[in-house]
Q: 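Sharing a structure here in structure tokens format.
The sequence lines fix the lettering, A, B, ..., with proteins before strands; numbering per chain opens at 1.
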Amino acid sequence: MTSTEKPRVRFAPSPTGFLHVGGARTALFNWLFAKHEGGTLLLRIEDTDVERNKPELVDGILVALRWLGIEWDEGPFFQSQRIEMYSAAAERILASGAGYACYCKPAAYTGGDAAEEREGEGDDEGKGTKAVACPCRDLTSEQRVAKEKEGIPAAIRFRTPRTGTTHFEDAVFGPRDVQNAEIEDFVLLRSSGLPTYQLSVVVDDIDMRITHVIRGADHLSNTPKQVLIYEALGAEPPIFAHVPLILGPDRTRLSKRHGATSVGSYAEEGFLPEAFRNFLALLGWSSGDDSEFMRTNELVERFALSGVSRTNAIFDRAKLEWFNTQYLQKPPVEELLPYVEMELKRAGLWKEAWATTDRAWFAHTVDLIRSRTRLLGDFIGWARAFFSDDFEYDPEARAKFWKDEKLPELMLKLTDALEGLPEWNHDACDAALRAVATSEGVKAGLLINATRVAIVGRAVAPPLFETMVVLGKDRVIARLRRALPAISAR
RNA sequence: GGCGCUAUGGUGCAACGGUUAGCACGCGGCCCUUUCAAGGCUGAAAUACGGGUUCGAUUCCCGUUAGCGCUACCA
């Protein structure tokens with residue numbers, strides 16, 4: 001890469017049906033880096049594994065990326081449609097002598113068992129040895145011809161140098177030198193003709209002129225193999241940036257056991273994309289100072305690979321929720337309106353007027369409610385009564401605030417007093433209620449709390465008088481009268 | 001097993017040889033108060049362990065331990 005060139009990065013997930021939070025963070029870092037540098041982000045689907053090569057498994061990833069607001073400039077490209085390139089590259093490596101045909105039968109990986117088996121057998125030898133080369137490495141041409149005649153399908157392996165070291169630069173982990181003796185003769189092209197990850201990733205990154213490979217640290221150990229391929233192909237390796245992994249609360253890799261692990265599930269739960277982004281950005285990266293709440297433009301402005309940490313991070317849902325609360329409450333309400341609209345539509349509560357004639361009311365109401373929300377679902381949850389007359393009284397709220405025996409009588413008086421109000425605003429309601437409390441010799445809080453339950457059905461809600469104004473006189477009076485029997489019944 | 005990476009409160013990050021080790025989430029308390037939030041103040045809480053190097057180590061080096069990753073004809 002020449003210094004005048006703008007960086008080109010890529011996000012290259014394999015199709016798993018959904019976007020994992022770890023993948024989302026990798027995508028985010030790539031995106032932030034590209035935006036910050038004025039570079040280009042490509043999306044590439046790594047579907048060379050036939051079992052994962054299903055179109056429907058890609059959709060979930062695209063949907064999740066769009067939800068996150070991560071847009072790519074080129075792609076998506078599908079490796080499954082570029083197969084010829086990989087075999088051509090493998091043939092070139094074979095022809096150059098940097099690779100060789102291997103006729104061994106594939107040793108299928110079976111998880112921990114295989115590893116244990118390998119340990120178990122040959123206790124005396126083989127233990128603690130360096131990477132062993134496949135016997136096919138040194139086949140004579142006659143032997144090779146014989147194998148071919150037998151019709152044994154060949155894979156192409158890389159002929160790793162037995163000596164020397166392989167070097168590469170990692171923007172996060174620094175310069176790295178690995179002993180070639182530690183690197184086995186890995187497979188480039190499977191006997192099926194399909195490439196392995198090591199090959200396809202390099203061929204594509206060369207072809208797509210990728211300048212910075214930003215990916216999970218789980219790829220760090222295999223990077224030397226890829227550098228070897230770059231060299232065999234006569235290409236300059238990119239700069240690597242391996243970002244630490246995201247772990248579950250038990251410090252193991254994030255998985256279903258830890259609950260929600262796909263970004264789609266957070267979208268459904270009512271998290272805001274920007275809150276999720278901000279939270280994710282801080283998992284393994286910091287701006288250098290103590291800034292945490294950073295709007296997206298600030299994230300883009302401040303993002304740098306030098307701020308990426310080398311230690312694995314644990315996904316902390318409580319902090320995610322805190323971020324969501326911040327993003328629900330701090331930005332201008334207008335930004336929130338579309339999300340609330342979607343939520344209301346989902347619950348079948350949406351009225352078109354709120355987008356037109358009553359837009360001001362809608363904005364004001366959302367503004368009032370959001371001061372005590374944590375998730376978007378709260379708007380149709382405890383705040384349902386702001387948007388619908390069809391709501392229920394929370395049993396706990398009733399038990400707590402409709403307990404006083406004088407309440408039926410008091411509430412009737414209060415309702416009448418409110419109904420007689422010539423003006424309906426915060427102060428008028430406030431004064432009317434306090435007047436009743438004073439003349440009846442009770443604390444205003446008694447009436448305030450009882451009224452809140454009557455008009456919104458909940459013990460937890462925004463300040464009462466503002467709520468009354470937003471709901472309007474007619475509704476408040478109607479709801480108070482409707483609640484009277486229930487209050488009497490307690 | 002081999003190779004590698006990492007190691008600051010429960011969690012996420014600061015401090016990149018000299019600070020009373022800072023911030024945020026979470027937790028406790030107080031203030032505010034009309035419920036609940038938000039906000040303000042405040043408390044408890046950390047340099048994994050052992051050796052070096054240095055006038056001085058969270059910081060540099062070595063070892064130990066622990067966690068994680070890789071070690072597939074998965075990606």
Q: Using a 4.0 Å heavy-atom cut-off, does A:Gln198 contact any base of the nucleic acid, only the sugar-phosphate backbone, or nothing at all?
A: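 Base, at least one base heavy atom under 4.0 Å.
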Q: Can you find an N or O donor on one side and an acceptor on the other, under 3.5 Å apart, linking the side chain of A:Ser191 with the base of B:C73?
A: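 Result: at least one qualifying N/O pair found.
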Q: Using the ring of each side chain (for Trp, its six-membered ring), is A:His20 parallel, tilted or perpendicular to A:Phe18, with breaks at 30° and 60°?
A: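 Plane angle between 30° and 60°, so tilted.
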Q: Let me spell it out: for each of A:Ser287 and A:Leu247, pick the nucleotide of RNA chain B with the closest heavy atom. Which residue's pick is nearer the 5' end?
A: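 Its nearest nucleotide being more 5', the pick is A:Ser287.
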Q: Taking only N/O atoms, report every protein-nucleotides 6-12 of chain B pair under 3.5 Å with atom names and distance.
A:
unit_1, atom_1, unit_2, atom_2, d
B:U11, OP1, A:Arg251, NH2, 2.5
B:G12, OP1, A:Ile314, N, 3.0
B:G12, O2', A:Leu282, O, 2.9

Q: Provide the distance between the two P atoms, one in B:C36 and one in B:C27, to the nearest whole Å.
A: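 Between the two P atoms, the distance is 15 Å.
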Q: Just by modelled atom types, is the A:Arg157 backbone N or O under 3.5 Å from a matching donor or acceptor in the A:Asp185 side chain?
A: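 It does not hold such a pair.
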Q: When the C1' atoms of B:U42 and B:U47 are considered, how many whole Å apart are they?
A: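 Each nucleotide's C1' atom is 24 Å from the other's.
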Q: May I ask you to decide if the ring planes of A:Phe168 and A:Phe240 are parallel, tilted or perpendicular, using 30° and 60° as cut-offs?
A: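 Taking A:Phe240 first and then A:Phe168, their aromatic rings stand perpendicular (interplane angle over 60°).
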Q: Could you state the atom-to-atom distance from CD of A:Gln179 to C1' of B:C70 in whole Å?
A: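 Rounded to the whole Å, the gap is 17 Å.
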Q: When you compare B:A14 with B:C32, how far apart are their P atoms, in angstrom units rounded to a whole number?
A: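 So the two P atoms sit 38 Å from each other.
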Q: Reading nucleotides 34-44 of chain B 5' to 3', which nucleotides get B (base under 4.0 Å from a protein heavy atom), which S (sugar-phosphate only), which -?
A: BBBBSS-----
Q: Between A:Glu150 and A:Tyr103, is any side-chain donor less than 3.5 angstrom from a side-chain acceptor?
A: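 Short answer, no.
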Q: Measuring from A:Leu233:CG to A:Leu228:CG, what's the distance to the nearest 0.5 Å?
A: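 One finds 11.5 Å between CG of A:Leu233 and CG of A:Leu228.
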Q: On a whole-Å scale, what distance lies between the C1' atoms belonging to B:G12 and B:A7?
A: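 That atom pair is separated by 15 Å.
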Q: Check every atom of B:A75, B:G69, B:U71 against the side chain of A:Lys225 and return the nucleotide holding the closest atom.
A: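 Of B:A75, B:G69, B:U71, B:U71 is nearest to the side chain of A:Lys225.
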Q: Can you give the dot-bracket line for RNA chain B, using ( ) for pairs inside the strand, [ ] for pairs that cross earlier ones, | for pairs with another strand and . for unpaired bases, where Watson-Crick and G-U count if both distances are under 3.5 Å?
A: (((((((..((((....[...)))).(((((.......)))))....(((((..]....))))))))))))....
Q: Could you check how far CE of A:Met294 sits from P of B:A24, rounded to whole Å?
A: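 Spelled out: CE on A:Met294 to P on B:A24 is 14 Å.
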Q: When the distance from CZ of A:Phe240 to C1' of B:C5 is rounded to whole Å, what number comes out?
A: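 Value for this atom pair: 17 Å.
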Q: Kindly check if the number of other-residue, nucleotide or ligand heavy atoms within 6.0 Å of NE2 (A:His219) is above 12?
A: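 Result for NE2/A:His219: enclosed.
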Q: If the C1' atom of B:G28 is compared with that of B:C49, how far apart are they to the nearest Å?
A: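 So the two C1' atoms sit 31 Å from each other.
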Q: For A:His242, report the nucleic acid contact type (base, sugar-phosphate, nothing); a contact means any heavy atom under 4.0 Å.
A: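 Result for A:His242 = nothing.
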Q: Can you check the distance between B:A45 and B:A37, where both ends of the measurement are the C1' atom (answer in whole Å)?
A: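 The same atom, C1', in both gives a distance of 26 Å.
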Q: Give A:Ser200 one of three labels, base, sugar-phosphate or nothing, depending on what nucleic acid heavy atoms sit under 4.0 Å from its own.
A: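 Counting heavy atoms under 4.0 Å across all strands, no contact is made by A:Ser200.
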Q: Does A:Asn222 reach a base, just sugar-phosphate, or nothing at all? Heavy atoms under 4.0 Å.
A: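 Base contact.
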Q: Before giving the answer on side-chain contact (heavy atoms from CB on, under 4.5 Å), spell out for A:Ile229 and A:Leu188 the whole-Å C-alpha distance, their side-chain angles and the decisive distance to 0.1 Å.
A: CA-CA 9 Å; A:Ile229 298 176; A:Leu188 297 169; 3.5 Å; yes
Q: Starting from P on B:C13, measure out to CG on A:Asn278 and report it in whole angstrom.
A: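 Result: 14 Å.
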Q: Could you check how far CD of A:Glu182 sits from P of B:G1, rounded to whole Å?
A: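 Atom CD in A:Glu182 sits about 16 Å away from atom P in B:G1.
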Q: For A:Leu188 and B:A72, give me the distance from atom CG to atom P, rounded to whole Å.
A: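 My rounded result for the distance is 14 Å.
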Q: Indicate whether any N or O donor in one side chain lies under 3.5 Å from an N or O acceptor in the other, for A:Arg82 and A:Ser200.
A: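 No, because no side-chain N or O of A:Arg82 sits under 3.5 Å from a partner of the opposite role on A:Ser200.
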Q: Please give, in whole Å, the distance from B:C73 C1' to A:Ile83 CD1?
A: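 Those two atoms, CD1 and C1', are 14 Å apart.
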Q: Nearest whole Å is fine: how far is B:A72 C1' from A:Leu194 CG?
A: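 Computing the A:Leu194:CG to B:A72:C1' distance gives 15 Å.
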Q: Quick one: is B:A75 close enough that its OP1 or OP2 comes under 4.0 Å of any side-chain N or O from A:Thr48?
A: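 So the side-chain polar atoms of A:Thr48 do come within 4.0 Å of the phosphate oxygens OP1 or OP2 of B:A75, strictly under.
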Q: Quantified in whole Å, what is the P atom distance between nucleotide B:A75 and nucleotide B:C16?
A: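 Looking at atom P only, B:A75 and B:C16 are 43 Å apart.
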Q: Determine the Euclidean distance between corresponding P atoms of B:U35 and B:U20; express it in Å to zero decimal places.
A: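 That atom pair is separated by 43 Å.
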Q: Short question: side chain of A:Trp72, backbone of A:Arg44 - any donor-acceptor pair under 3.5 Å?
A: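 Checking the backbone N and O of A:Arg44 against the side chain of A:Trp72, no donor-acceptor pair under 3.5 Å is found.
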Q: Looking at A:Lys400 and A:Glu396, is there a salt bridge between them, counting it only when a charged N and a carboxylate O are closer than 4.0 Å?
A: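 Salt bridge flag = no for A:Lys400 with A:Glu396.
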Q: Here's one to test your reading of the geometry: is the NZ or CZ of A:Lys225 within 45 degrees of the ring axis of A:Phe158 and under 6.0 Å from its centre?
A: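 No cation-pi geometry.
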Q: So, A:His242 and A:Arg215: side-chain donor and acceptor under 3.5 Å apart, yes or no?
A: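 Yes, because at least one side-chain N or O of A:His242 sits under 3.5 Å from a partner of the opposite role on A:Arg215.
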Q: Quick one: does any side-chain atom of A:Asp378 pair with a main-chain N or O of A:Leu375 as donor and acceptor, under 3.5 Å?
A: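 Yes, because the side chain of A:Asp378 sits within donor-acceptor range (under 3.5 Å) of the backbone of A:Leu375.
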